[in-house]
2 protein chains.
Amino acid sequence: MNLQDRLVSTLKQNGYSLTKPRQALFSALQAGKPRSMRELTLDLESVMDRASIYRTIAIFERLGIVVRVQQGWKYKIELSDKFSPHHHHITCLRCGKIISFDEPAGIEKILDDIALQYEFVQKNHSLELEGYCSNCKN
Amino acid sequence: MNLQDRLVSTLKQNGYSLTKPRQALFSALQAGKPRSMRELTLDLESVMDRASIYRTIAIFERLGIVVRVQQGWKYKIELSDKFSPHHHHITCLRCGKIISFDEPAGIEKILDDIALQYEFVQKNHSLELEGYCSNCKN
DNA sequence: TATAATATTGCAAATTTGTCGCAATAATTG
DNA sequence: CAATTATTGCGACAAATTTGCAATATTATA
């Protein structure tokens, strides 16, 4: 099942329909990079209202379609693991460059153990690194 | 050196002094749990101005005294590793309960490898789990 | 496919969150 | 203690986010 279909079915299952604005927002996120609210509103202001962007993101987040990732002061929005390959970020504190990397080997077992220890049913996790990239490390 | 002294010396070294408001904010964070801006302003509004809370947090953050952690929708403020034991969180998606846990064994090596791979000088990292706690998992 | 019922959106207004300038107060220096 | 510098409160401002409601689009039903 492709992304589009998965989107539709996720919405449908929860009583929502895929409208043009929702489609537009989803598309805007498909580029893959985390986007700030400001970027999203600028990109989409000709297509949909600011308020609708917020409302749609709230829905998408509740349905697990998108997630917020905190990066320093601001947060950004990106597609969740269900709609893009699971990954994490390493962010440069100086220039802001963001690199995505795959789930490191060995992490899963560690997290499973933690969830078990605290009797949690683990749903998702985030791992964010910060530091200075090769250009900025001096 | 106790926390108090470490706070004073961190401030001093950077040309700041420990004032009553700064003390109050620091104390408010000592409870250990991450606090939202809203919680902090409510707690401290009789003691210090809203603007000063923001200014003080900006300073504390710049000096590495506090960090922001993203938890679901909002971010929260808590003391950094330098002023409280390094730890991570597992948060219940339903009731909001937050449990802190220590750095899991094996993580450090994994992160070092990643930083090395992308030629980053690693400064800090965050690991957040979400799921359903024992009370809410049903 | 037309109609009724429901969901979604845009728009404007309200609220909340975060920032700024500046005069008053507190802390530090000599 | 006086002078200098740092910090705060206050009010105004700006940006971000939320809300109510009427207009529009979508879905369900006949």
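Just so it is clear: chains get the letters A, B, ... in the order the sequence lines come, proteins before strands, and each one is counted from 1.
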Check: B/S52 side chain N/O closer than 4.0 Å to the phosphate oxygens (OP1, OP2) of D/dT7?
Finding: no
Note to self: With a 4.0 Å limit, can you tell me whether A/T19 has a side-chain N or O closer than that to the phosphate oxygens OP1/OP2 of C/dA7?
What the structure shows: no
Check: Quick one: is D/dT17 close enough that its OP1 or OP2 comes under 4.0 Å of any side-chain N or O from A/Y54?
Finding: yes
Note to self: Can you work out whether B/D49 or B/L18 has the more 5'-proximal nearest nucleotide on DNA chain C?
What the structure shows: B/D49
Notebook entry, point to check: Are A/H125 and A/H88 near enough that their ring centres are under 6.0 Å apart?
Noted result: yes
Notebook entry, point to check: Are A/K137 and B/F120 close enough that some pair of their side-chain heavy atoms sits under 4.5 Å apart?
Noted result: no
Check: Between the side-chain atoms of B/R50 and the base atoms of D/dG9, is any donor-acceptor pair under 3.5 Å?
Finding: no
Note to self: Counting only heavy atoms from other residues, nucleotides and ligands, does the tally under 6.0 Å from NZ of A/K33 exceed 12?
What the structure shows: no
Next item on the list: Run through A/L11, A/V67, A/I77, A/T10 and flag the one making a side-chain contact (heavy atoms from CB on, under 4.5 Å) with A/F60.
Entry: A/L11
Notebook entry, point to check: Would you say the side chain of B/R55 and the base of C/dG18 hold a donor-acceptor pair, judged only by whether the two atoms sit under 3.5 Å apart?
Noted result: no
Notebook entry, point to check: Between residues 36-47 of chain B and DNA chain C, which residues have a heavy-atom gap below 4.0 Å?
Noted result: B/M37, B/R38
Note to self: Tell me which one of B/V69, B/I99, B/I98 satisfies side-chain contact (heavy atoms from CB on, under 4.5 Å) with B/T91.
What the structure shows: B/I98
Margin query: Check this one for me: any side-chain N or O of B/R22 less than 4.0 Å away from OP1 or OP2 of D/dT7?
Written below: yes
Margin query: What residues from residues 7-17 of chain A pass a heavy-atom cutoff of under 4.0 Å to DNA chain D?
Written below: A/S17
Check: For D/dA16, does OP1 or OP2 lie under 4.0 Å from any side-chain N or O of A/Y75?
Finding: no
Next item on the list: Return yes when atom CD of B/E39 has more than 12 non-hydrogen atoms of other residues, nucleotides or ligands closer than 6.0 Å, and no otherwise.
Entry: yes
